[in-house]
Amino acid sequence: MGLRGNAVLLAIVLRLSMIPRPEAQLQYGYYQNTCPQTETIVMEEVKKGLAKDLGLAADFVRMHFHDCFVRGCDGSILIDSTPGNTAEKDSPINNPSLQGYDIIDNAKTRLEAACKAVVSCSDIVAFAARDSIALSGGLRYPVPVGRRDGRVSLASETFTNLPPPTFNLSQLTQSFSSKGLTQQEMVILSGAHTIGVSHCTTISNRLYNFSPTESTDPNLDPTYASQLKQSCPQGSTDTSLVVDMDPPSPTVVDSSYYKNLLVNRGLFQSDQALMSSQETAAQVNLYASNGFIFNWRFALAMIKMGKIGVLTGTDGEIRLNCRVIN
Ligand code: HEM
Ligand SMILES: *[C@@H]1O[C@H](CO)[C@@H](O)[C@H](O)[C@H]1NC(C)=O
């Protein structure tokens with residue numbers, strides 16, 4: 001083959017390598033040419049939301065987690081129920097506790113006006129989670145994008161894919177491993193409980209109805225238990241009662257979540273379970289004493305979580321309204 005032949009072959013190879021493949025990866029700067037305002041618009045809307053209600057930061061972080069663990073990070077958490085279908089957001093795991101959908105809508109409306117049908121709803125959720133972490137004192141990590149939106153959202157799938165707060169260490173490890181995440185990543189991602197709240201109804205069994213022989217979980221610090229009981233009276237069905245997940249710094253992304261675990265002040269059994277093996281307890285110790293390592297590893301693990309089961313290339317769609325499939 002002569003020089004010319006080589007050039008033609010090279011051109012073909014280059015052209016071939018540019019065809020999006022089904023296993024296409026997420027990319028950094030994916031919207032740089034098609035919608036450069038994307039990250040600014042999302043950030044502005046998240047900021048506006050947090051200015052009204054700082055608690056929404058936790059919602060966006062949890063929203064990304066709940067999106068990614070159910071059918072991958074495909075924006076399925078945002079789809080509204082229809083007469084024939086109860087969607088993920090209306091599972092009791094998400095409703096009424098998970099909020100902030102209106103802020104995602106605001107960002108989407110502005111993005112559609114700026115660049116029609118370019119930015120996916122699933123990417124907006126990933127950005128909103130990152131911005132919430134950054135605005136709460138965590139690291140502002142780069143978010144690889146190019147996710148496309150799914151067309152299916154089933155409440156039933158939340159029960160089988162999202163770990164409940166009663167899980168022990170092996171169950172948690174198995175749950176995260178089924179999503180391609182290691183036990184170490186499970187320990188670090190649990191650190192998301194450094195911000196936000198839990199409803200009293202979620203912990204009432206741990207406080208009052210733990211087992212046939214113990215009313216309160218003996219693994220819960222007694223002083224903390226009595227504080228929780230004051231905030232969450234026995235038998236109360238008031239679904240608006242909540243407690244902070246990380247009382248020492250409820251709105252700051254820091255490592256005090258891990259310090260709590262060292263003194264049996266994990267709010268859920270699943271939190272305290274991180275102390276139940278030598279290996280994971282050593283990680284808890286490390287993060288409790290080194291907030292720098294926590295913040296870095298947390299950011300890296302969030303990036304990895306954001307890649308679970310993503311749709312790319314020509315899979316899925318760019319939803320025009322995050323609440324309804326096109
Ligand atoms: C390790 C297993 C996990 C379990 C069992 C779990 C369970 C829960 C439960 C039961 C709540 C409280 C819901 C309520 O009653 O209001 C909650 C809240 C929360 N979770 Fe998790 N979670 C886990 C992991 C994660 C991960 C990986 C993230 C994010 C990366 C996350 C982020 C949050 C946040 C930010 C809140 C506070 C939400 C708010 O204030 O509205 N969780 N979690
Ligand atoms: C965790 O719970 C499962 C299911 O209840 C049980 O089979 C397992 O033995 C438990 N593991 C530990 C370490 O307690």
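As the structure is a prediction and not an experimental result, all values here were calculated from the model. Hydrogens, waters and symmetry mates play no part in the numbers below; they use all other heavy atoms, side chains included.
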>> With a 4.5 Å cut-off on side-chain heavy atoms, are Met245 and Pro250 touching?
In response: no

> Nearest 0.5 Å, what's the OG-CD1 distance between Ser249 and Ile195?
Replying inline: 10.0 Å

> Hey, quick one: are Val61 and Leu98 part of the same hydrophobic cluster, counting side-chain heavy atoms closer than 4.5 Å, chains of contacts allowed?
Replying inline: yes

> Counting N and O atoms only, with roles assigned by atom type, does the side chain of Thr160 sit under 3.5 Å from a partner on the main chain of Glu157, one being a donor and the other an acceptor?
Replying inline: yes

> Is a salt bridge present between Arg148 and Asp315, judged by a nitrogen-to-oxygen distance below 4.0 Å?
Replying inline: no

> Is there a donor-acceptor pair under 3.5 Å between the side chain of Asp149 and the backbone N or O of Ser122?
Replying inline: yes

> Would you say Met63 and Ile124 are hydrophobically clustered, going by side-chain heavy atoms of ILVMFWY under 4.5 Å?
Replying inline: yes

> So do Asp271 and Leu261 actually touch side chain to side chain, heavy atoms under 4.5 Å?
Replying inline: yes

> Ignoring hydrogens and geometry, is there a side-chain-to-backbone donor-acceptor pair from Asp59 to Gln99 under 3.5 Å?
Replying inline: yes

> Does a donor on one side chain and an acceptor on the other come within less than 3.5 Å for Ser204 and Thr201?
Replying inline: no

> Using 4.0 Å as the upper bound for N to carboxylate O, is an ion pair formed by Lys108 and Glu45?
Replying inline: no

> Going from CE on Met275 to OG1 on Thr280, what distance comes out if it is rounded to the nearest 0.5 angstrom?
Replying inline: 8.0 Å

> Is a side-chain N or O of Gln171 found less than 3.5 angstrom from the main chain of Asn168, in a donor-acceptor match?
Replying inline: yes

> Between the side chains of Lys229 and Thr216, does any donor sit under 3.5 Å from an acceptor?
Replying inline: yes

> So which heavy atom on Asn326 is nearest to which on Leu320, and how close?
Replying inline: OD1-N, 3.0 Å

>> Measuring from atom CG of Asn85 to atom OG1 of Thr82, what distance do you get when rounded to the nearest 0.5 angstrom?
In response: 4.5 Å

> Is Ile308 linked to Ile93 within one hydrophobic cluster, defined over Ile, Leu, Val, Met, Phe, Trp and Tyr using a side-chain heavy-atom separation of less than 4.5 Å?
Replying inline: yes

> Can Val284 and Leu262 be said to form a side-chain contact (heavy atoms from CB on, under 4.5 Å), step by step?
Replying inline: CA-CA 8 Å; Val284 170; Leu262 295 180; 3.9 Å; yes

>> Salt bridge or not between Arg147 and Asp74? Use side-chain N to carboxylate O under 4.0 Å.
In response: no

> Between Asn161 and Ser175, what is the shortest heavy-atom contact and its length?
Replying inline: O-OG, 4.3 Å

>> Is there a side-chain contact between Gln25 and Val310 in this structure, where contact means two heavy atoms from C-beta onward sitting under 4.5 Å apart?
In response: no

>> Quick one, Phe167 with Gln174, criterion side-chain contact (heavy atoms from CB on, under 4.5 Å). Give me CA distance, side-chain angles, the key distance, then yes/no.
In response: CA-CA 10 Å; Phe167 263 12; Gln174 160 59 33; over 6 Å; no

> Under 4.5 Å between any side-chain heavy atoms of Arg71 and Arg151, yes or no?
Replying inline: no

> Val197 and Leu162: same hydrophobic cluster, using ILVMFWY side-chain contacts below 4.5 Å?
Replying inline: no

> Got a donor-acceptor contact below 3.5 angstrom from the Asp67 side chain to the Gly75 backbone?
Replying inline: yes

> Does Phe69 share a hydrophobic cluster with Ile303, counting links as ILVMFWY side-chain heavy atoms below 4.5 Å and allowing steps through other members?
Replying inline: yes

> Which heavy-atom pair separates Ala58 from Gly196 by the least distance, and what is that distance?
Replying inline: CB-CA, 3.4 Å

>> With heavy-atom distances below 4.5 Å as the criterion, would you say the side chains of Val243 and Gln227 are in contact?
In response: no

Please tabulate, for the side chains in residues 28-37, all donor-acceptor contacts under 3.5 angstrom to protein atoms that are two or more places apart in sequence or on a different chain.
residue, atom, partner, partner atom, Å
Tyr31, OH, Ser120, N, 3.3
Tyr31, OH, Asp123, OD2, 2.6

>> Checking Val46 against Phe127 for the side-chain contact (heavy atoms from CB on, under 4.5 Å) test, could you report, in this order, the C-alpha distance in whole Å, the side-chain angles of both residues, the deciding distance, and whether it holds?
In response: CA-CA 9 Å; Val46 169; Phe127 284 134; over 6 Å; no

>> Can you give me the closest heavy-atom contact between Ile188 and Tyr258, atom names plus distance?
In response: O-OH, 3.2 Å

>> Show, in sequence, the C-alpha distance, side-chain angles and deciding distance for Leu78 and Arg323, and conclude whether the side-chain contact (heavy atoms from CB on, under 4.5 Å) test is met.
In response: CA-CA 5 Å; Leu78 304 172; Arg323 294 173 181 270; 5.9 Å; no

>> With a 4.5 Å cut-off on side-chain heavy atoms, are Ile77 and Asn94 touching?
In response: yes

>> Any non-hydrogen side-chain atom of His193 less than 4.5 Å from a side-chain atom of Leu267?
In response: no

> Would you call Glu39 and Arg130 a salt bridge, taking side-chain N to carboxylate O under 4.0 Å as the test?
Replying inline: yes

> Can you tell me if Ser255 uses its side chain to pair, donor with acceptor, with the backbone of Tyr287 under 3.5 Å?
Replying inline: yes

>> Determine whether Phe294 and Tyr257 satisfy the following criterion, ring-ring contact (aromatic ring centres under 6.0 Å, His included), listing intermediate values before the conclusion.
In response: CA-CA 11 Å; Phe294 162 68; Tyr257 165 82; 8.2 Å; no

> Is Ser91 reaching over with its side chain to a backbone N or O of Ala87, donor-acceptor style, under 3.5 angstrom?
Replying inline: no

> Between the side chains of Asp238 and Ser240, does any donor sit under 3.5 Å from an acceptor?
Replying inline: yes

> Looking at OG1 of Thr239 and NE2 of His199, how far apart are the two atoms once the value is rounded to the nearest 0.5 Å?
Replying inline: 7.0 Å

>> Within this structure, what is the CZ-OG1 distance for the pair Phe268 and Thr202, rounded to the nearest 0.5 Å?
In response: 6.0 Å

> Taking atom types as modelled, is there a side-chain donor on Ser153 or Ser76 under 3.5 Å from an acceptor on the other?
Replying inline: no

> Of the non-hydrogen atoms in Ala128 and Val42, which two are nearest, and what is the gap between them?
Replying inline: N-CG1, 4.0 Å

> How long is the span from the CZ atom in Arg62 to the NE2 atom in His66, to the nearest 0.5 Å?
Replying inline: 4.0 Å

>> Within the 3.5 Å criterion, strictly below it, is a donor on Gln183 or Thr173 matched to an acceptor on the partner's side chain?
In response: yes

> For the residue pair Asp90 and Ser81, what are the closest heavy atoms and their distance?
Replying inline: OD2-OG, 2.5 Å

> With side chains defined as the heavy atoms from C-beta onward, is the minimum distance between Phe298 and Ser190 less than 4.5 Å?
Replying inline: no

